[in-house]
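Heads up, the thing below is written out as structure tokens.
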Amino acid sequence: MPAKMKLTHIDLLRLFESPEYAEVARGFKEQKCAKKTVVCTPYDDGDRIFIVKSGRLRIFLSYDDREFTLALLEPGDIFSTHTRAFAETLDESIILSGSTRMFQQKVVESPEIALVMVKVLGELLKNSITIIEGLAFKDARMRLVDFLVTAAEERGMPHPQGVSVELGLNTEEIANLVGATRQTISSLLNELIKSGVVDKLNRRTLLIRDLPRLKDWNSLS
Ligand code: HEM
């Protein structure tokens, strides 16, 4: 399951830096947020678009005491406040925030912004389909393996004993992304560690010792 929705090569941050988009960029206000700041909830008044300038945000649904993470946003990614989701910062972050109405006008005026928007929404849709596919057809074990394999392929770094993956997430945060309890994820991770497929380098970084075996883990165990 992809843990993030990354823009392709053109992103809004770079677009905003060019002189012809300076006026669009002025429509956005910079906001510095500490770690764990709730940026928006489904109950907020007002309708804003926000773009991540630095740091990381988590987009999630919350019912009673349960949470489900829909997406992790990184610099260049965009979201809006007019959804049923909550957004909170995972690290200290800077966001650019502007009114949806103003942004809509800019989208109409600029095919380039419209194109970036289609790409972003396409990524969000892809992420949503992956989540639905996982929840409908796969169990927690398969979803965890998908998540780890995707993370290793997207952000893995070569390591003498395999591939190191800085997830930047603790067990509970992985559980919220995969749609399982912390206990389930913790025992599945222990199983993977015991069988020598992965190892913990530190609280938030995993070492994938054997990626092909991890990919096959569902059929092997
Ligand atoms: C050009 C500016 C935008 C306009 C005019 C706009 C307008 C709308 C409207 C009218 C809805 C339906 C709301 C409802 O059902 O009551 C909607 C839903 C939604 N929009 Fe936007 N939107 C814009 C930009 C964005 C952006 C940039 C994102 C995120 C990347 C986004 C994400 C969503 C999502 C996820 C929903 C579904 C909300 C839900 O059902 O929970 N929108 N939008």
Side-chain angles (χ1 to χ4, degrees), residues 1-6 35-42 55-74 77 79 83-91 123-157 162-221:
M1 188 176 301
K4 58 181 189 125
M5 24 180 231
K6 193 79 213 95
K35 183 178 172 166
K36 292 274 172 198
T37 302
V38 176
V39 172
C40 74
T41 79
R56 258 178 346 145
L57 268 75
R58 177 170 83 98
I59 305 296
F60 63 102
L61 299 174
S62 174
Y63 287 91
D64 299 328
D65 59 345
R66 291 179 53 211
E67 289 183 1
F68 185 83
T69 299
L70 291 174
L72 298 180
L73 307 186
E74 295 188 330
D77 288 338
F79 207 71
T83 82
R84 281 168 285 176
F86 294 74
E88 78 168 7
T89 54
L90 282 178
D91 306 316
E123 283 288 324
L124 184 60
L125 183 60
K126 178 177 154 198
N127 204 27
S128 306
I129 290 175
T130 305
I131 289 171
I132 295 167
E133 182 184 53
L135 293 177
F137 302 119
K138 298 179 179 179
D139 61 15
R141 168 190 293 257
M142 290 160 88
R143 297 201 296 271
L144 175 65
V145 168
D146 280 357
F147 167 72
L148 295 176
V149 168
T150 306
E153 287 173 347
E154 282 184 354
R155 59 179 67 202
M157 302 292 284
V163 183
S164 82
V165 192
E166 197 187 328
L167 295 171
L169 301 167
N170 59 30
T171 310
E172 182 162 20
E173 287 166 337
I174 297 173
N176 283 336
L177 254 174
V178 168
T181 62
R182 192 181 53 75
Q183 290 83 346
T184 302
I185 294 305
S186 163
S187 69
L188 287 170
L189 279 174
N190 283 336
E191 222 181 287
L192 277 170
I193 290 168
K194 251 200 225 150
S195 60
V197 179
V198 309
D199 214 343
K200 264 187 186 163
L201 287 179
N202 61 47
R203 245 184 98 227
R204 289 153 186 265
T205 309
L206 283 183
L207 171 66
I208 315 277
R209 288 185 181 276
D210 193 338
L211 191 57
R213 242 179 96 207
L214 176 65
K215 286 182 181 171
D216 280 345
W217 197 54
N218 290 321
S219 48
L220 294 177
S221 40

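Scope of the values below: all heavy atoms of this structure, side chains included, with no hydrogens, waters or symmetry mates.
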Exercise. Please examine the side chains of L169 and R204, heavy atoms only from C-beta on, and report whether any two atoms are closer than 4.5 Å.
Key: no
Quiz item: Between the side chains of R58 and T69, is a donor N or O closer than 3.5 angstrom to an acceptor N or O?
Solution: yes
Exercise. Would you indicate whether the side-chain heavy atoms of F68 and L135 approach each other to under 4.5 Å?
Key: yes
Quiz item: Using a distance-only test with no angle check, is there a side-chain donor-acceptor pair under 3.5 angstrom linking T130 and N127?
Solution: no
Quiz item: Checking side-chain contact (heavy atoms from CB on, under 4.5 Å) for the pair D199/R209: CA distance, chi angles, key distance, verdict?
Solution: CA-CA 7 Å; D199 214 343; R209 288 185 181 276; 2.8 Å; yes
Quiz prompt | Euclidean distance, S186 OG relative to N190 CG, rounded to 0.5 Å | solution = 5.0 Å
Exercise. Working to the nearest 0.5 Å, report the span between NZ of K36 and CG of D91.
Key: 9.5 Å
Quiz item: When you measure from the side chain of T150 to the backbone N and O of D146, does any donor-acceptor pair fall under 3.5 Å?
Solution: yes
Exercise. Using modelled atom types only, decide if a donor and an acceptor are shared between the side chain of T83 and the backbone of A85 within a distance under 3.5 Å.
Key: yes
Practice problem: Just do the side-chain contact (heavy atoms from CB on, under 4.5 Å) check on D77 and L57 with the steps written out, would you? | Solution: CA-CA 9 Å; D77 288 338; L57 268 75; over 6 Å; no
Practice problem: Evaluate salt bridge (charged side-chain N to carboxylate O under 4.0 Å, His left out) for K35 paired with E88, printing each intermediate quantity in order. | Solution: CA-CA 8 Å; K35 183 178 172 166; E88 78 168 7; over 6 Å; no
Practice problem: Give the C-alpha distance, both sets of side-chain angles, the deciding distance and a yes or no for side-chain contact (heavy atoms from CB on, under 4.5 Å) between T184 and T181. | Solution: CA-CA 5 Å; T184 302; T181 62; 2.8 Å; yes
Quiz item: Looking only at heavy atoms, what is the nearest atom pair of I59 and A87, with distance?
Solution: CD1-CB, 3.7 Å
Quiz item: Is the side chain of R143 donor-acceptor paired with the backbone N or O of K138 at a distance under 3.5 Å, no angle test?
Solution: yes
Quiz item: In Å, rounded to the nearest 0.5 Å, how long is the span from CG of L189 to CG of L148?
Solution: 6.5 Å
Quiz item: Is any side-chain heavy atom of L206 closer than 4.5 Å to a side-chain heavy atom of K200?
Solution: yes
Exercise. Using atom types as modelled and distance alone, determine if a side-chain donor or acceptor of T205 lies under 3.5 Å from a backbone N or O of L201.
Key: no
Exercise. Indicate the atoms forming the closest heavy-atom contact of I208 with A152, along with that distance.
Key: CG1-CB, 4.2 Å
Self-check item: Pi-cation contact, Y63 with R66 (under 6.0 Å, within 45°)
Solution: no
Practice problem: Indicate yes or no: at least one non-hydrogen side-chain atom of F60 is less than 4.5 angstrom from one of N176. | Solution: no
Practice problem: Please test F147 against L167 for side-chain contact (heavy atoms from CB on, under 4.5 Å), starting from the C-alpha separation and ending with a verdict. | Solution: CA-CA 10 Å; F147 167 72; L167 295 171; 4.0 Å; yes
Practice problem: Evaluate the side-chain proximity of F86 to L61: yes if any heavy-atom separation is below 4.5 Å, no if none is. | Solution: no
Self-check item: Validation row: V38, T89 side chains within 4.5 angstrom (heavy atoms)
Solution: no
Exercise. Might you point out which heavy atoms bring L70 and I131 nearest each other, and give the distance in Å?
Key: O-CD1, 3.5 Å
Practice problem: Examine distances only and state if a side-chain atom of R213 and a backbone atom of S195 form a donor-acceptor pair shorter than 3.5 Å. | Solution: yes
Practice problem: May I ask you to test the W217-R141 pair for a side-chain heavy-atom distance under 4.5 Å? | Solution: yes
Self-check item: Any donor-acceptor N/O pair, S164 side chain to L207 backbone, under 3.5 Å
Solution: no
Exercise. Report yes or no: does R182 contribute a side-chain atom to a donor-acceptor pair with the main-chain N or O of E173 at less than 3.5 Å?
Key: no
Quiz item: Above 12 or not: heavy atoms from other molecules or residues under 6.0 Å from CD of E166?
Solution: no
Quiz item: With side chains defined as the heavy atoms from C-beta onward, is the minimum distance between N170 and R203 less than 4.5 Å?
Solution: yes
Quiz item: Shortest non-hydrogen contact from V165 to G156?
Solution: CG2-CA, 4.3 Å
Quiz item: Has the side chain of E154 got a donor or acceptor atom that lies under 3.5 Å from a matching backbone atom of A151?
Solution: no
